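Reading through the structure tokens given below for one structure.
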Amino acid sequence: MSKQALILVDIQNEYFPQGKLPLVGIDQAAANAAVVLMAARERGDTIIHIHHESPEADAPLFTPGSDGVTINAVVKPLPGEAVITKNYPNSFRETPLKQMLDDAGVDTVTVVGAMSHMCIDATVRAAVDFGYTTTTIHDACATLDLEFGEHKVPAAQAHNTIMSALAFMYGEVIDTQAYLAR
């Protein structure tokens, strides 16, 4: 049995062009995540899908029960694959994620999904803090343009900043082709 897990974070309809918070490059990132998912399934890795919901029933984004919180069809979970609902950027916070990984004997995680600067960053850092060897597939992640004060931060710059920070101290950061070549 594999000691590896693939964690797919928030690849939800809300982030696609028809959603309320479309991300730059989400279609390509999701397509890459689907390729990574197929490879992980073939290897027999533990697969865990994470999806975000707001705890408030009338929230403007990630409204419980809305189409926006649905995991996008490109990475649709198969029967038997775990799906965890979270309410915070960190996929481990107040969820059974760590227990599921530990119960499966996982020591190595690969992370893909959205948003690079938020939930991917928080989840990868938490995984490392919990002692998992971590790989992030950078071209299977996406984010959006940001603003800080008077500064506009293009999505590519935000994404690259987070990926470079993760690569500095929080594990390996590679592209889909490098992942498949293993």
Side-chain angles (χ1 to χ4, degrees), residues 1-53 61-62 66-86 89-92 95 97 100-101 104 106 108-124 126-127 132-144 155-156 158-160 162-163 166-167 170-182:
M1 182 159 158
S2 175
K3 293 184 166 237
Q4 297 183 67
L6 174 63
I7 303 172
L8 300 103
V9 180
D10 301 348
I11 304 177
Q12 298 170 244
N13 291 339
E14 198 81 284
Y15 287 136
F16 284 77
Q18 300 78 14
K20 295 178 184 174
L21 194 61
L23 303 183
V24 174
I26 187 61
D27 289 317
Q28 185 60 56
N32 288 338
V35 170
V36 170
L37 175 58
M38 286 177 25
R41 285 173 174 159
E42 288 174 9
R43 273 198 313 269
D45 292 351
T46 298
I47 308 294
I48 302 177
H49 300 265
I50 308 290
H51 84 106
H52 189 89
E53 281 191 12
L61 296 170
F62 300 101
S66 71
D67 182 60
V69 299
T70 302
I71 294 173
N72 190 269
V74 74
V75 292
K76 182 179 179 179
L78 294 179
E81 291 178 349
V83 178
I84 295 175
T85 300
K86 68 176 180 62
N90 175 352
S91 298
F92 289 90
T95 74
L97 179 56
M100 291 174 87
L101 294 171
V106 169
T108 303
V109 299
T110 299
V111 180
V112 299
M115 294 187 290
S116 304
H117 78 281
M118 186 64 70
C119 299
I120 298 302
D121 184 39
T123 299
V124 169
Y132 300 104
T133 300
T134 305
T135 299
T136 305
I137 311 297
H138 67 82
D139 62 353
C141 298
T143 196
L144 45 69
H159 176 81
N160 290 336
I162 291 302
M163 294 300 144
L166 294 177
Y170 288 92
E172 186 177 41
V173 178
I174 60 175
D175 65 16
T176 299
Q177 291 307 311
Y179 174 83
L180 295 175
R182 293 184 169 178

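Along the sequence shown, the residues carry numbers beginning at 1. Just so it is clear, the model here is predicted, and its values are computed rather than measured.
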Which pair of heavy atoms, one from A114 and one from C119, lies closest together, and at what distance? O-CB, 3.5 Å

According to side-chain contact (heavy atoms from CB on, under 4.5 Å), who are the partners of A39, at least two apart in sequence or on a separate chain? R43, Y179, L180

Of the non-hydrogen atoms in P17 and P22, which two are nearest, and what is the gap between them? CA-CB, 4.0 Å

Quick one: pull up CG in D121 and CD1 in I162 and give me the separation to the nearest 0.5 Å. 4.0 Å

Interatomic distance, D139 atom CG to H159 atom NE2 [nearest 0.5 angstrom]: 7.5 Å

Does the S91 side chain pair with the main chain of T123, one donor and one acceptor, at a distance under 3.5 Å? no

Measuring from atom OG1 of T110 to atom CG of D45, what distance do you get when rounded to the nearest 0.5 angstrom? 7.0 Å

Considering all heavy atoms, the nearest V173-H138 contact: CG1-CB, 3.7 Å

Using the test side-chain contact (heavy atoms from CB on, under 4.5 Å), find all partners of M38 that sit at least two apart in sequence or belong to another chain. none

What residues, two or more places apart in sequence or in another chain, satisfy side chain to side chain donor-acceptor pair (under 3.5 Å) together with T134? none

Distance in Å, S116 OG paired with M163 CE, rounded so as to fall on 0.5 Å steps: 4.0 Å

In residues 5-16, what donor-acceptor pairs under 3.5 Å come from side-chain atoms, sequence neighbours left out?
residue, atom, partner, partner atom, Å
D10, OD1, H52, N, 3.3
D10, OD2, K86, NZ, 2.9
Q12, OE1, H52, N, 2.7
Q12, NE2, H52, O, 2.9
Q12, NE2, V69, O, 3.0
N13, OD1, N72, ND2, 2.9
N13, ND2, D67, O, 3.2
N13, ND2, D67, OD1, 3.2
N13, ND2, D67, OD2, 3.4
E14, OE1, K20, N, 3.2
E14, OE2, F62, N, 2.6

Donor-acceptor pair, side chain of N32 and main chain of T176, under 3.5 angstrom: no

With sequence neighbours excluded, what pairs up with E81 under the side chain to side chain donor-acceptor pair (under 3.5 Å) test? R41, H49

If the condition is side-chain contact (heavy atoms from CB on, under 4.5 Å), which residues does T85 pass it with, not counting sequence neighbours? H51, E53

Taking the side chain as everything from C-beta on, heavy atoms only, tell me whether I48 gets closer than 4.5 Å to L101. yes

Under the side-chain contact (heavy atoms from CB on, under 4.5 Å) rule, collect the residues that match up with A178, sequence neighbours excluded. I174, D175

Under the side chain to side chain donor-acceptor pair (under 3.5 Å) test, which residues partner T136, sequence neighbours left out? none

With T135, which residues qualify under side chain to side chain donor-acceptor pair (under 3.5 Å), at least two apart? E172

Are M100 and I84 side-chain neighbours, meaning at least one heavy-atom pair lies under 4.5 Å? yes

